[in-house]
Amino acid sequence: MELIITEKDNAARRIADILSEGGTSTERSGGVDVYQWGGRRCIGLSGHVVGVDFPPEYSDWRDVEPAELTDAPVTKTPTQESIVNVLKRLAGEADSVIIATDYDREGELIGKEAYELVREANADVPVSRVRFSSITENEVKSAFADPDDLDFDLAAAGEARQIIDLIWGAALTRFLSLSARQVGDDFISVGRVQSPTLKLIVDKEREIEAFDPEDYWELFADLEKEGSTFEAQYFYRDEDDNEAERVWNEDDATAAFDVLREAATAVVESVRRRTRTDDPPAPFNTTQFIRAASSLGYAAGRAMSIAEDLYTAGYITYPRTDNTVYPDDLDPADLLDALSAQRDFAASVERLEELDELEATRGDEETTDHPPIHPTADLPSKGDLSEDEWEVYELVVRRFFATLAEPAEWEHLRVVADAEGEQLKANGRRLVEEGYHAVYPYFGTDENHVPDVAEGEELAIADARMEAKQTQPPRRYGQSRLIETMESMGIGTKSTRHNVIEKLYDRGYIENDPPRPTRLAMAVVEAAEEYADLVVSEEMTAELEADMTAIAEGEKNLDSVTEESREILGRVFEALDESREEIGEHLRESLKADKRLGPCPKCGSDLLVRRSRQGSYFVGCDGYPDCRFTLPLPSTGEPVVLDAECEEHGLNEVKMLAGRNTFVHGCPLCAAEEAAETEDRIIGPCPECGENAAPEGERGEGGDAAGAHGGELAIRKLQSGSRLVGCTRYPDCEYSLPLPRRGDIEVTDTYCEEHDLPELVVHDEGSDEPWELGCPICNYEEYRARQGLDGIEGIGPKTKEKLAAAGIENLDDLVDADAEGVAEDVEGVSAERVEDWQAKAD
DNA sequence: GCAAGGTC
């Protein structure tokens, strides 16, 4: 029996399909699919199935000095036990093994990890390696016809990176966390990729903070030609003889304006007409895909998550790639033909099929990892996908179209005119050949109309304007520009750059979108710059890359490279250890600044956003325990302190981050006062303990509160700002139903017969139509039943279909389901994944 | 529990 090992299940299935000519049987073993045919078996890993770590005696942060990690051993242990176990069992039964992991450095390392596991189970079995950059019949078959050997030097290069990243990251993270006494969930992290990325954001913020705006003026005139007008802008020659539009001195601007205002006409001095070719874009790699999706409003992580779902469902190719050149055996004509079956694409396909030849554009990056992102011949129908998924899918399809389409052509028209000695210019542009824009409507094609005028022609000046302006600070990095910059600096990879940004959010280093650094982030970058400059620099990666190349080429070895890196870090710690107190003090002060709201109304110290032992957030006084003043915060989301201040209390407003349900809570003291002033509105008996409730003992659930105790339901506003329908006997009876946060609630005279409660109507300024919420119990029941599975991250279109087939269509179904049972019934879904979804659904 | 890199 021959065993083939791939990097992921999806690749295993497709390779088995190709090599077996479609005749595989699937055997599920320990939660892992194994594909079998003839004398062969194929298993997919899940990336790295072993991970590096320190031995257990180094695991206690307080017992081990961070500096000791610089000399600590690093071991490898399985992180995916079930896959490792199946792999070893199959290896024991194999006569030969073929490693078919991805064709890049990390793939070589994953292959070597698999090789070592195979060796543990089978000391003698021959092991070979195949390399292909796209899973197509041609490439896969020719790779398997001519197998090669594992490249142990290339794998060692990857291992050096693993060791250096762990030692630097763990030692410095522990040091900063311990020095600031932040050792729980909120540790302070540092790393070779995250810290230079954070420095990019911090440096930009420093520029913005240091920015001093300058006044300038711009002048415009409307010129008239045959009854219609077009805008021209005043310009002059500066001291370097460059054309300039900004006037830096108000007197000069006013003088020019007086001339323009007085002048009746302008005489055309020159007319220049040029055509410019606008080439179609290159195929999508990950970074360019993220950039394009971001212009549609998708954050980087969201775009990747959708792309991964589309890939898993089989609609697009692998979304993590550096490649911008299609493989030779991609036949555009075949793929176009398949895509024409979808009505939305038919017109575009027809247009492309009219071209004399189909030649795709090529980008600058040609790599062996995977093909550029493009659609497959397996089309979804619109109903298979959510709106977002369809929008992203269409983007990928249309990008593929664009790479085959002809260039567009623009006509640029530049007119310069003289008005009593002052110069005016107008730049027109017109799209004369639509080219690829016809099939790829995501780039702007705005035209600016400037009429056909002749040299010497006299044009009337219809209006003149002077606008006072100010120079603007540099713009913050948006997520996609950050990812592009990381790529150009060589930090992170196609698979990790977007995760790095999410990590910075999670660690409390950045807030908002575009991201803005917190005071903590500023302090971390400052500390690193002063004591461990290398870890916030792109040089660290550049030097590591050079060392990795040297290892891969046999010029250096793993031990010498890691030893040298350990020594450098050891020297960093000599300086760090001396300044431990000072660094910790600065970090603690910055942490407090991020959480400070303003003066405590009781004692005047600072009110801070804090976290209780149970993990919920609240506002507490820095004077605790002397001052015990507190205010509640909403129970959903992570609080962020905004710049905006409440005029009445001088407290900063608070925003609650909760994905799509993010909202501004405002001043917590105002919210609490408002709740105190709002009276409860009683609407009927409590179904748990009111007059109609069943007597004690006859109800299954909610035993304590059950029975008639005269409880009544009321619309209540809580100090935390949320509203609900709750029992007046709270906390003895905890029965409650959710209500919307916004809008005025009207209690109508119409009653629900089933629950004996009035129907409610919500009047929100934000929407024209009032929302007929109805009986609050019926409403909540309907809401739970209606709630589909779209809101849960990680459930892709195909999985959704499969879950529906197993009878799981909404959140209630999901929460009630038995995770193990679902894993048995639904192919490719593990019990852990189901439990993860259930946690989110709840 | 720390990183970055795979993968879900």
Side chain of [X] - closest among [options]:
| X | options | answer |
| --- | --- | --- |
| Glu106(A) | dG6(B), dT7(B), dG1(B) | dG6(B) |
| Ser189(A) | dC8(B), dG1(B), dA3(B) | dA3(B) |
| Phe54(A) | dG6(B), dA3(B), dC2(B) | dC2(B) |
| Arg320(A) | dT7(B), dG1(B), dG5(B) | dT7(B) |
| Thr496(A) | dG5(B), dC2(B), dC8(B) | dG5(B) |
| Arg161(A) | dA4(B), dG6(B), dC2(B) | dA4(B) |

field: Val193(A) vs Asn10(A), nearer the 5' end of DNA chain B by closest nucleotide
entry: Val193(A)

- prompt: DNA chain B: Val52(A) or Lys8(A), which has the more 5' nearest nucleotide?
  reply: Val52(A)

Have a look at [X] and say if it touches a base, only the backbone sugar-phosphate, or nothing, with a 4.0 Å heavy-atom cut-off.
| X | result |
| --- | --- |
| Glu7(A) | sugar-phosphate |
| Val190(A) | sugar-phosphate |
| Arg105(A) | nothing |
| Asp53(A) | base |
| Asn499(A) | nothing |
| Tyr318(A) | sugar-phosphate |
| Gly158(A) | nothing |
| Ser59(A) | base |

query: Does the base of dC8(B) carry an N or O that pairs as donor and acceptor with the side chain of Asp9(A) under 3.5 Å?
result: no

Does [N] have OP1 or OP2 sitting under 4.0 Å from an N or O in the side chain of [X]?
| X | N | answer |
| --- | --- | --- |
| Thr173(A) | dG1(B) | no |
| Tyr58(A) | dC2(B) | no |
| Gln194(A) | dA3(B) | yes |
| Lys503(A) | dA4(B) | yes |
| Arg192(A) | dG5(B) | yes |
| Ser495(A) | dG5(B) | no |

Assess the side chains of [X] and [Y]: does a donor N or O sit below 3.5 Å from an acceptor N or O?
| X | Y | value |
| --- | --- | --- |
| Ser29(A) | Arg89(A) | yes |
| Gln194(A) | Ser189(A) | yes |
| Arg131(A) | Thr368(A) | no |

d([atom1], [X]; [atom2], [N]) in whole Å:
| X | N | atom1 | atom2 | value |
| --- | --- | --- | --- | --- |
| Leu69(A) | dG1(B) | CG | P | 15 Å |
| Gln80(A) | dG6(B) | CD | C1' | 10 Å |
| Asp506(A) | dG1(B) | CG | P | 17 Å |
| Trp168(A) | dG5(B) | CH2 | P | 16 Å |
| Met486(A) | dA4(B) | CE | P | 9 Å |
| Asp102(A) | dG5(B) | CG | P | 15 Å |
| Phe175(A) | dA3(B) | CZ | P | 17 Å |
| Ile501(A) | dG5(B) | CD1 | C1' | 16 Å |

- prompt: Per the side-chain hydrogen bond (donor to acceptor under 3.5 Å, both in side chains) rule, which among Thr287(A), Thr286(A), Thr493(A) passes with Glu487(A)?
  reply: Thr287(A)

field: Minimum heavy-atom distance Pro517(A)-Ile510(A), with the two atoms named
entry: CA-CG2, 4.2 Å

query: Does the ring centre of Phe573(A) sit less than 6.0 Å away from the ring centre of Tyr531(A)?
result: no

- prompt: Using centres under 5.5 Å plus planes under 30 degrees as the test, is Phe187(A) stacked with dG1(B)?
  reply: no

- prompt: Does Arg14(A) reach the main-chain N or O of Ile135(A) with its side chain, forming a donor-acceptor pair under 3.5 Å?
  reply: yes

